[in-house]
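Letters A, B, ... mirror the listed sequences (proteins, then strands); counts begin at 1. These figures come from a predicted structure and were not determined experimentally. As a basis for the values below, the full set of heavy atoms in this structure was taken, side chains included, without hydrogen atoms, waters or symmetry mates.
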There are 2 protein chains.
Amino acid sequence: MKIDDNIAKKYNLTEEEISLTMRGYAPLTVRANEFFLKEGDICNYIGFVIKGLLRSFIYDDYANEITSDFFPENTLIISFDSFNNRVPSKENIKAIENSELMVISYEKQKELYDKIPAWNLICRDLADYKSREMIERANRFQTMSATERYQTFCNEHPDILQRTTLGSIASYIGVDIATLSRIRKKK
Amino acid sequence: MKIDDNIAKKYNLTEEEISLTMRGYAPLTVRANEFFLKEGDICNYIGFVIKGLLRSFIYDDYANEITSDFFPENTLIISFDSFNNRVPSKENIKAIENSELMVISYEKQKELYDKIPAWNLICRDLADYKSREMIERANRFQTMSATERYQTFCNEHPDILQRTTLGSIASYIGVDIATLSRIRKKK
DNA sequence: AGAATTGTTTGACAAAAGTCAAAAACGGTT
DNA sequence: AACCGTTTTTGACTTTTGTCAAACAATTCT
């Protein structure tokens, strides 16, 4: 997680703590279609998107790419499970556009956990937030039709809409590409 | 989270820490059809199910109960968002069977956070685990048919199958009750 | 520019899932 | 045992979504 004023204030970080945190981060460029993380690899970095767009996906039984998330500007990229528990990632993360990130390595992040108690709390809250997002996501599948899910997506990510393919959105909302094409036409 | 040998060992808790934790918990009985938590209330307790079965649900736009989770023996009951952030709960939690829990209050849990550093870590891992569960759940909606989702449910919760209504399972896997009845018949 | 690749739309059809309403089955109560 | 409310099953039908294949459009590569 990239440190910013809001976080610093919310968790009462001292100047030294902020500075220590900042020094942990390094810039990273990921060009369009390059991977930030490959399935099977261990996630060694947390990334914060400064500019660009990435997406995460898994493969289904027929080798189709199933989008699990999009990462536009100001979002955090992490395969939590892989990063925290040092196990191979189940998902791929790939850049849609040329993207600029700030990243922190596992070792450096661990240092932060040890040296700055608030970091444990920040990460607990973060895991918490991610978890709520996922509950919301599951809820939508449970209660909404394909058309409603698409409308919700449009409202929530109007920016992404124009920056990725129909296919990657279709798999994200769980419909066939032909179906999504027809949903779009209707409006 | 109820303390047990595994947790104590994994997080290197001292005897004193374990004892302090234990003293925080109190038994609670929730009879069938009674609420453990009502929508709009703030979740003041974490509960651990010793015996019985509960379920959480939300209401959709037509006032149908949409099951979001089941809590059989040895599971943890908590509305994370409400408990951690002290905001009104969005979900209801209600006992299906007469149930016996061990609960800890928010205040006591906070004490544990302060006095036992490992508790922050435990809860981070827990939120993490919940989050992974939810990702898996969303994935299933994304990639599986109703029949496959039902089969998965049966494999994962063979115990629950006989202990709750068709309706509450149907809403959990996101199908109409008539459809689930037909899915069952086919096998 | 032209070829090759990738992404999108469309049509005809099939399969999956929802709707409505009624009947049947079940569980608890008196 | 008869009654009540709830849950489950079933039938007839509609709507939604998926499948396959071809055409079309856009993009990239040489």
Distance check needed: D/dG18 C1' versus B/M144 CE, whole Å only. 18 Å
Which nucleotide sits closest to the side chain of A/I177: D/dT19, C/dT8, D/dA12? C/dT8
Figure out the CD/C1' separation between B/Q162 and D/dT8, and round it to whole Å. 15 Å
B/K185 side-chain N/O to D/dT9 phosphate OP1/OP2 under 4.0 Å: no
Rounded distance (Å) that lies between atom P of C/dT8 and atom CG of A/L161: 12 Å
Quick one: does A/T75's side chain have a donor or acceptor within less than 3.5 Å of a partner on A/P72's backbone? yes
Between D/dT6 (C1') and B/I96 (CD1): distance, integer Å: 16 Å
In terms of hydrophobic clustering (I, L, V, M, F, W, Y; side-chain heavy atoms under 4.5 Å; direct or indirect links), are B/I173 and B/I96 co-clustered? yes
In terms of ring plane angle, is the pair A/F153 and A/H157 parallel, tilted or perpendicular, where the classes change at 30° and 60°? tilted
Among the nucleotides D/dT10, C/dG18, C/dT8, whichever has the atom closest to the side chain of B/V175 is C/dG18
Is any side-chain nitrogen or oxygen of B/S145 closer than 4.0 Å to OP1 or OP2 of C/dA16? no
Using 30° and 60° as the class limits, which term best fits the ring planes of A/W119 and A/Y113: parallel, tilted or perpendicular? perpendicular
Which nucleotide, C/dT9, C/dG11, C/dT19, lies nearest any side-chain atom of A/R182? C/dG11
Looking at D/dT8, C/dA17, C/dT9, which one has an atom nearest to any side-chain atom of B/A146? C/dA17
Length of the line joining B/Q151:CD and C/dA16:C1', which is rounded to integer Å: 14 Å
Would you say B/T179 places a side-chain N or O within less than 4.0 Å of OP1 or OP2 belonging to C/dA17? no
Taking atom C1' of C/dA25 as reference, at what distance in whole Å does atom CZ of B/R184 sit? 14 Å
Report the distance from atom CD1 of B/I183 to atom C1' of D/dT9, rounded to the nearest whole Å. 14 Å
Touch class at under 4.0 angstrom, heavy-atom based, for A/T165 against every strand present: sugar-phosphate
To the nearest angstrom, the CG-P distance between B/L180 and C/dA17 comes to 11 Å
Would you tell me whether A/N139 and B/R137 have side-chain atoms, one donor and one acceptor, within less than 3.5 Å of each other? no
